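In this chain, residues are counted from 1 in sequence order. In this text the structure is predicted, and so the values were computed from the model without any measurement.
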Amino acid sequence: GPKEDKAVAVSMVMDPGEGWHSPQHVEVSLSGPESGYHTLKLSPKAGWTPPKGQERTVLFEAKDTMSRYYENGFWSAKQIKVTDDLSNTRWIMVDQYSWRLYLNNALGTHWAPRYLPQTLALNLSSEVDPATQAVTPVFRASARFQQTGAPLEGTVGKDTPKTPIWMRLAAHESESGTSGGVTAAEWAENG
């Protein structure tokens, strides 16, 4: 239904043409009507026998789940990447295939996920390389986001409307020239 994740099944018959080894892997890059993306990974169907006269063809299949929060509307396949058993890669152009996928998602939106305030955490640790015994700094950042965003309520400053937020990491140069983090006051001041 419109408020559930979508089970998507894709089948594709391909004739790899002369000079190509057996195609082993296909990736279909999907784009939503306004934004968003999803990659489907197809594999050859085991035990499939091509029709007479089409012995070179291969049937690829994929089953995947697309989120109920993905954008509502027609999704297009912008590119198809085919890899054969020798790792040769070929890109299929958009004028060489036909594609139709419609997601009926009542919860879908094209707004970006919204950063949840006060959830950004930066951690510094160190790790030792076992081969060289060199100590290396390791920086980890984590943040939390709402699954879907929308224009934020209210305004920033006097007349500037708030807009959707993807993620904002900020740093500044201190007077000594070293890089430093943003203080809580600076973060609050800048939205």
| message | Looking at Arg144, I'd like to know if its CZ atom is crowded, meaning that more than 12 non-hydrogen atoms belonging to other residues, nucleotides or ligands lie closer than 6.0 Å. | response | no

| message | Taking OH in Tyr37 as the centre, count heavy atoms belonging to other residues, nucleotides or ligands within less than 6.0 Å. Is the count above 12? | response | no

Can any side-chain N or O of [X] pair as donor or acceptor with the backbone N or O of [Y] at less than 3.5 Å?
X: Glu34; Y: Glu71; result: no
X: Lys6; Y: Glu4; result: yes
X: Gln133; Y: Pro130; result: yes
X: Asp84; Y: Gln24; result: no
X: Glu55; Y: Gly53; result: yes
X: Ser76; Y: Lys78; result: no
X: Asp5; Y: Arg68; result: yes

| Atom pair CD1 (Ile80) and CZ (Phe60), whose distance is rounded to the nearest 0.5 Å |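 Between Ile80 CD1 and Phe60 CZ, I get 10.5 Å after rounding to 0.5 Å.
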
Exercise: identify the closest heavy-atom pair between [X] and [Y]:
X: Trp75; Y: Tyr70; result: CZ2-CB, 3.8 Å
X: Val135; Y: Ser126; result: CG1-CB, 3.7 Å
X: Ala141; Y: Leu122; result: CB-CD2, 3.4 Å
X: Leu103; Y: Asn72; result: O-OD1, 2.7 Å
X: Pro23; Y: Pro44; result: O-CG, 3.9 Å

| request: Would you indicate whether the side-chain heavy atoms of Val58 and Val13 approach each other to under 4.5 Å? | output: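 They are not in contact (no side-chain heavy atoms under 4.5 Å apart), so the answer is no.
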
| request: I would like to know whether Met14 and Ile92 meet side chain to side chain contact (heavy atoms under 4.5 Å, CB included); could you show each step before the answer? | output: CA-CA 11 Å; Met14 176 186 297; Ile92 299 176; 3.7 Å; yes

| Pairs satisfying salt bridge (Lys or Arg N to Asp or Glu O under 4.0 Å), at least one member in residues 122-136, at least two apart | Glu127-Arg140

| Test item: side-chain donor near acceptor, His38 and Asp64, under 3.5 Å |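 A donor-acceptor contact under 3.5 Å links the two side chains.
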
